[in-house]
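Data first, discussion second: the structure below is written as structure tokens.
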Amino acid sequence: MKKSRVLSVFLAVMMLSSVLATAASAASTNIKIKTQPIKLTFDGQALKLPDGQYSFIYEGRTYVPIRYISYALQKSVNWDGAKASVSEPTEKELAVLKKQLQTAAAGSQKPQMSVEIAIQPIKASLVFDGKAADLPVGQSIFGYKGSIYVPIRFLSESVGTQIGYDPVTKMVSGESAAYRAEQGGVVILPGTGGGTGNAGGAVKPAYEQITANAEAKLAALKASCQATLMDIGLQYLAASAADQPMIKEKGLQEVNNCSAKFEVIMSETTTSLTTNGYKTDIIAEYRAAFNAELEAGREIAESL
């Protein structure tokens, strides 16, 4: 195989980290991963995971136990072993959820240390208010010691909760539509930018201005990630067989970093659009384009 072909294949696989992760764990259905302690704040209330449950980042997505996060979302969650149904709670269920939320918020345990756990991919469906929802490409549902873990952003935004993530402080913040309305309709989440729309007499940005800014950031991110991955790819080709796994891991980490930066851009753009009264349909288009590139990488990798 020519060197250029080898490099193209390496970059395609790097751009689809799920393919590499699957290859790395081909001997087992379990995936070993280190937990990532994060801070959780929903509707202004800080929450703490109970003992034995964790948060972790896998392929650039933050995962949490679905039943625990339902406390924060004030949603009823039912799991039958093959399907997780998220719906509006009855009055009785809501009373229980509020009590559980108070318990979660009152937890006094120290921040969890990072530990290695073995998560297991689960084939299951997610249903929101009676409507099935497919996870985006590259996202999964996992099980660990009886708890079901799902991507927090997908779950929260599927029920109308706006999510923000600050990669510096590792703070995940969620705000429901009801909470935003109580706060006057404008709440800035950590990691989503500090724009305040028309506050203080500022000129309202045009829709085209907001989307053009987002697309410029996405183009810059793509160029930066491709350049970094190209450099890692050249290192991989020049390395000995003994050193290649370490460089491969470096490439995976860069993919995770790029995915996290993509999510920050999506959060900033969503906040800017909603704050200024614009529709956010364009966000789905950005995600579709992002996922299409990952799917193209998958097809190349699987054709080898």
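Along the sequence shown, residues carry numbers from 1. Only heavy atoms go into these numbers, but all of them, side chains included; no hydrogens, no water, no symmetry mates. Please read all numbers here as calculations on a predicted model, not as lab measurements.
A pairwise comparison of heavy atoms in Ala239 and Gln244 identifies O-NE2, 3.7 Å as the closest pair. Here the shortest heavy-atom pairing between Phe290 and Ser259 reads CZ-OG, 4.1 Å. Taking each heavy atom of Pro37 and Ser114 in turn, the nearest pair found is CG-N, 4.1 Å. The two atoms that bring Leu49 and Pro65 nearest to each other are CD2-CD, 3.9 Å, heavy atoms only.
Counting only heavy atoms from C-beta outward, the side chains of Thr90 and Ser76 never approach each other to under 4.5 Å. In this structure the side chain of Thr62 reaches within 4.5 angstrom of the side chain of Ile38, judged on heavy atoms. Residues Tyr207 and Leu273 form a side-chain contact, since some pair of their non-hydrogen atoms from C-beta on lies under 4.5 Å apart. Side-chain contact between Tyr278 and Thr211 is absent, with no heavy atoms from C-beta onward closer than 4.5 Å. Side-chain contact between Ile232 and Ile247 is present, with heavy atoms from C-beta onward closer than 4.5 Å. Here the side chains of Leu126 and Phe154 are in contact, with some heavy-atom distance below 4.5 Å. Counting heavy atoms from C-beta outward, Trp79 and Ile66 have side chains that stay 4.5 Å or more apart. Under the 4.5 Å side-chain criterion, counting only non-hydrogen atoms from C-beta, Leu155 is in contact with Phe128.
Atoms NZ and CD, on Lys34 and Glu116 in that order, are 7.0 Å from each other to the nearest 0.5 Å. Distance check, rounded to the nearest 0.5 Å: OG of Ser158 to NZ of Lys131 gives 12.0 Å. Considering CD1 of Ile31 and CD1 of Ile119, their distance stands at 5.0 Å, rounded to 0.5 Å. Between the OG1 atom in Thr228 and the NZ atom in Lys250 there is a gap of 9.0 Å [rounded to 0.5 Å]. If you take CD1 on Ile210 and OG1 on Thr280, they are separated by 11.5 Å, rounding to the nearest 0.5 Å. The structure places OG1 of Thr35 at 9.5 Å from CZ of Phe56, a figure rounded to the nearest 0.5 Å.
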Next item on the list: Test side-chain contact (heavy atoms from CB on, under 4.5 Å) on Ile117 and Tyr54 and set out the steps.
Entry: CA-CA 9 Å; Ile117 62 175; Tyr54 304 93; 4.2 Å; yes
Next item on the list: Could you please spell out the steps behind the side-chain contact (heavy atoms from CB on, under 4.5 Å) verdict for Gln120 and Phe142?
Entry: CA-CA 5 Å; Gln120 184 176 31; Phe142 295 103; over 6 Å; no
Next item on the list: Please lay out, stage by stage, how Val264 and Lys261 fare under the test side-chain contact (heavy atoms from CB on, under 4.5 Å).
Entry: CA-CA 5 Å; Val264 169; Lys261 291 176 181 178; 5.5 Å; no
Note to self: Assess the residue pair Arg67 and Ile148 against the criterion (side-chain contact (heavy atoms from CB on, under 4.5 Å)); give the C-alpha distance rounded to whole Å, side-chain angles, the decisive distance to 0.1 Å, and a yes or no.
What the structure shows: CA-CA 8 Å; Arg67 190 166 297 280; Ile148 304 303; over 6 Å; no
Only distances under 3.5 Å count here; give the side-chain donor-acceptor pairs of residues 212-225 to other protein atoms, sequence neighbours excluded, each with its distance to 0.1 Å.
{"from": "Glu215", "atom 1": "OE2", "to": "Tyr286", "atom 2": "OH", "distance (Å)": "2.8"}
{"from": "Lys217", "atom 1": "NZ", "to": "Glu268", "atom 2": "OE1", "distance (Å)": "3.0"}
{"from": "Lys222", "atom 1": "NZ", "to": "Glu293", "atom 2": "OE2", "distance (Å)": "3.2"}

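For Pro245, the side-chain contact (heavy atoms from CB on, under 4.5 Å) criterion is met by no residue, not counting sequence neighbours. Evaluation of the side-chain hydrogen bond (donor to acceptor under 3.5 Å, both in side chains) rule for Asp129 yields no partner, not counting sequence neighbours. With sequence neighbours left out, Asn78 forms a side-chain hydrogen bond (donor to acceptor under 3.5 Å, both in side chains) with no residue at all. Residues passing the side-chain contact (heavy atoms from CB on, under 4.5 Å) test with Ser125 are Lys83, sequence neighbours excluded. With sequence neighbours excluded, the residues satisfying side-chain hydrogen bond (donor to acceptor under 3.5 Å, both in side chains) with Glu88 are Lys75.
Judged by distance alone, the side chain of Asn276 and the main-chain N or O of Ser272 form a donor-acceptor pair under 3.5 Å. A donor-acceptor pair is defined here as one N or O able to donate and one able to accept, closer than 3.5 Å; no such pair exists between the side chain of Ser140 and the backbone of Pro121.
Applying the side chain to side chain donor-acceptor pair (under 3.5 Å) test to every pair with at least one member in residues 142-156, sequence neighbours left out, gives these pairs: Arg153-Glu157, Arg153-Glu263, Arg153-Ser267. Sorted by first and then second residue, the ring-ring contact (aromatic ring centres under 6.0 Å, His included) pairs with a member in residues 32-52 form an empty list; sequence neighbours excluded.
Under a hydrophobic clustering in which Ile, Leu, Val, Met, Phe, Trp and Tyr are joined whenever their side-chain heavy atoms come within less than 4.5 Å, directly or via other members, Val127 and Ile141 fall into different clusters.
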